[in-house]
Amino acid sequence: MRGRGREALRGLFPFWVLLLCALIQGGILGIVSNCRGLFYDPVCRELGIQLGEFTTYSTFYGLAVCAGIPLATRAVSRWNLRVTLGVSGAVMAAAQYAMGWFTSPWQWYVAAALQGLCHALLFVQTVPMLVSNWFAVRKGFFLGLACASSGLVGAVMNSVTSRYISLYGWRAAYRLLGGVLFLMLVPASLLFAVRAPEDVGAQPYGAGRAESPKARQGSASPSRGRGVYPLLVAYACLICLTVGYNQILFSLGQTFDHPPQILSSFVSWAMIGTVVWKLAVGWCNDRWGIAGACYLSGGVIAGGLAALILGRSVPLMYLGSFCMGMPMAVSVVVIPNLVRGIFGSGEFEQRYKLVSMLVNLSTNFSFTLIGWLVSWFGSYTTALETGLGVTLASLALATLFLKAQERSPSP
């Protein structure tokens, strides 16, 4: 009986690891990234600073992620994973908690750099690696399922944090988020951070089952790498410049004079959209391949930005907000699947290292770019029109690298 019980626990371990990945996603993206926009107005108003000056801290976050990825690559493969993730989670939570006492933008810059380094260790290659190691089939779906938590957490915590700011102020809200981050990241990291099934005598979920032809991993040839890779990198950087738009929905709704009681619901709709779109693009990748996922995501983002430009209509504002859940789905689901789908699991780590560095830089720079566009032009519409142009350009690049992939010789 004891042997059967241990065997049953080993059989469940892939899903405990999936829970860990979901909590990491929910904490880092659902709280640190998806709640930051709620602090823009109150912090800038109290400290008397420009929006662009404050949102610049996101660029420091992105630079630190890039600097930390080489260290994270070594840590994920060699260090004690439980200790690495547990300590990183504690530092990230402490930095968020400390923001409740900050009085100058440079303090956010320092805290963001610390959080960016922890982000690299906790998430960039860790979550895709864990999903790939622990799930032998439907990797796109399970990665999308793990990543969907950031939308659920973001939807809940946006509502809670908005209410908390109105009742107790933004400083107390930062301390609340720091406490929630600690509870989400640290216990699960210490319990479930296991690099691969063989480390605990288990097997990956679905071992021995066949993948569908569309979902099987590709295999790159040298000529394919030369022709496709630069276009893929450029596409990833461009489309991830749209990630920050879900953080201006509250302020955008204010400029359109929408009722105050529905402003926070726009952000919540974006977070719900994040959940739906992550699952949708994961399923689309498994069913129709990388081309379907690229075109679906680009079309949804372009349509969402167009709806927000016309956002004086409440229904269009809700539609655009829902579509603004897609950029985060692209950054954490579409792009890792894209790299693995074209270059195969054997080259994934090497190819994804540079892609993940630039994607994280582009993602975090998007918050700064949007903030400065609003500060310079005094218009959210200009920022939205810029995002629409960027999205259309990324779709053109996607067409180019997908055509280049079709033309490239098989190894």
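Each residue takes its place number in the sequence, starting with 1. A quick note: this is a predicted structure, and the numbers were derived from the prediction, not measured.
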Euclidean distance, [Y] [atom2] relative to [X] [atom1], rounded to 0.5 Å:
X	Y	atom1	atom2	value
L185	F182	CG	CZ	9.5 Å
I290	C294	CD1	SG	6.5 Å
F266	M317	CZ	CE	5.0 Å

Taking [Y]'s backbone N and O only, do any of them form a donor-acceptor pair with [X]'s side chain (distance below 3.5 Å, no angle check)?
X	Y	answer
N158	N34	yes
S394	Y235	no
S375	W372	no
R36	V32	yes
R171	F102	yes

Validation row, ring centre [X] to ring centre [Y] under 6.0 Å:
X	Y	result
Y97	Y174	no
F343	Y229	yes
W277	F322	yes

Result for side chain to side chain contact (heavy atoms under 4.5 Å, CB included) between S297 and one of V330, L395, I335, T242 points to V330
When L238 is tested against each of T391, V233, L397, L392 for side chain to side chain contact (heavy atoms under 4.5 Å, CB included), which residue passes?
->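 So, applying the side chain to side chain contact (heavy atoms under 4.5 Å, CB included) to L238 and each of T391, V233, L397, L392, only L397 qualifies.
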Give the ring-plane orientation class for [X] versus [Y], where under 30° counts as parallel, over 60° as perpendicular and anything between as tilted.
X	Y	value
W108	W170	tilted
Y168	Y164	tilted
F135	F15	perpendicular

Apply side-chain contact (heavy atoms from CB on, under 4.5 Å) to the pair L152 and M271, showing each step before the final yes or no.
-> CA-CA 6 Å; L152 291 171; M271 299 303 101; over 6 Å; no
Which atoms form the tightest heavy-atom contact between T161 and C35, and what is the distance?
->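 Shortest heavy-atom contact: OG1-SG, 4.3 Å.
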